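One structure below.
Keep in mind that the numbers below use all heavy atoms, side chains included, and drop hydrogens, waters and symmetry copies. Please read all numbers here as calculations on a predicted model, not as lab measurements.
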Amino acid sequence: MEGGTRPARWRARPARGRASGDDEHAAKDTDEKRSPMAATDTVAPPTGTIRYWAAAKAAAGTAEEPYAAHTLADALAAARDRHRAEPEFARVLLRCSFLIDGDPVGTRDHHAVQLADGGTVEVLPPFAGG
């Protein structure tokens with residue numbers, strides 16, 4: 001191996017896993033390298049209904065609309081985006097409390113509140129005299 005050159009028999013060898021007949025090994029290598037989360041990345045989010053009450057209903061211009069979101073935070077962000085032409089809507093949401101399928105959210109982080117398929121999010125602005 002004078003001058004750092006390889007013998008001809010080494011250069012003629014195909015790259016590992018690339019020779020004909022090794023296609024199944026290449027496919028297996030690719031499958032093993034896939035992220036375990038890849039299958040869940042494409043899962044459609046749960047869908048349900050957002051119901052607006054009182055001032056929230058007036059600001060949204062509708063009594064209810066559908067959601068497609070994994071969390072309450074995602075559903076509210078999408079609702080703000082849909083109603084961006086009504087700036088009062090975002091201000092009203094800041095004062096609202098929320099019920100998820102009849103259960104109060106309270107002070108829980110909206111990113112941690114999971115939504116269910118077929119669920120209902122109730123948007124409740126503060127009520128006077130209560």
Side-chain angles (χ1 to χ4, degrees):
M1 287 205 318
E2 194 174 311
T5 59
R6 293 181 177 179
R9 64 185 163 99
W10 287 359
R11 283 183 293 207
R13 211 181 255 178
R16 288 189 82 156
R18 301 288 185 233
S20 63
D22 283 342
D23 290 339
E24 64 186 280
H25 295 294
K28 182 178 176 188
D29 289 345
T30 302
D31 290 340
E32 288 173 359
K33 292 177 186 175
R34 287 189 188 144
S35 166
M37 295 300 291
T40 59
D41 291 344
T42 59
V43 173
T47 60
T49 302
I50 301 175
R51 289 190 186 139
Y52 300 108
W53 297 95
K57 179 180 173 180
T62 186
E64 63 182 48
E65 62 188 2
Y67 71 73
H70 291 284
T71 67
L72 177 58
D74 295 339
L76 294 176
R80 281 186 199 95
D81 190 47
R82 275 192 303 276
H83 298 286
R84 67 180 165 268
E86 299 109 3
E88 183 62 18
F89 180 78
R91 286 190 290 270
V92 168
L93 281 185
L94 292 173
R95 299 186 312 264
C96 288
S97 57
F98 305 93
L99 298 176
I100 307 299
D101 299 326
D103 295 324
V105 172
T107 58
R108 288 184 288 162
D109 179 3
H110 294 175
H111 290 92
V113 178
Q114 297 294 311
L115 300 179
D117 201 42
T120 303
V121 175
E122 306 278 350
V123 181
L124 307 167
F127 291 97

Between H83 and Y52, which heavy-atom pair has the shortest distance, and what is it? NE2-OH, 4.3 Å
So CG of L93 and CG of L76: to nearest 0.5 Å the spacing works out to 6.0 Å
Contact summary for H70 and P46, nearest pair of heavy atoms: ND1-CD, 3.5 Å
State the CG-NE2 distance between L115 and H110, to the nearest 0.5 angstrom. 10.5 Å
Looking only at heavy atoms, what is the nearest atom pair of D74 and A69, with distance? CB-CB, 3.6 Å
Is there a path of hydrophobic side-chain contacts, each under 4.5 Å between heavy atoms, that joins L72 and F89? yes
Residues R82, I50; criterion side-chain contact (heavy atoms from CB on, under 4.5 Å); working and verdict: CA-CA 13 Å; R82 275 192 303 276; I50 301 175; 4.1 Å; yes
Smallest heavy-atom separation, A116 atom then Y67 atom, equals O-OH, 2.7 Å
Results of side-chain hydrogen bond (donor to acceptor under 3.5 Å, both in side chains) for Q114 - residues two or more places apart only: none
Nearest non-hydrogen partners of C96 and A56, listed with the distance: SG-CB, 4.3 Å
If you look only at pairs with a residue in residues 89-108, which of them pass as a side-chain hydrogen bond (donor to acceptor under 3.5 Å, both in side chains), with sequence neighbours excluded? E88-R91
Let me have the donor-acceptor pairs involving side chains of residues 117-126, under 3.5 Å, with sequence neighbours excluded, atom names and distances please.
| unit_1 | atom_1 | unit_2 | atom_2 | d |
| --- | --- | --- | --- | --- |
| D117 | OD1 | T47 | N | 2.9 |
| D117 | OD1 | T47 | OG1 | 3.1 |
| E122 | OE1 | W53 | NE1 | 2.5 |
| E122 | OE2 | R51 | NH1 | 3.2 |

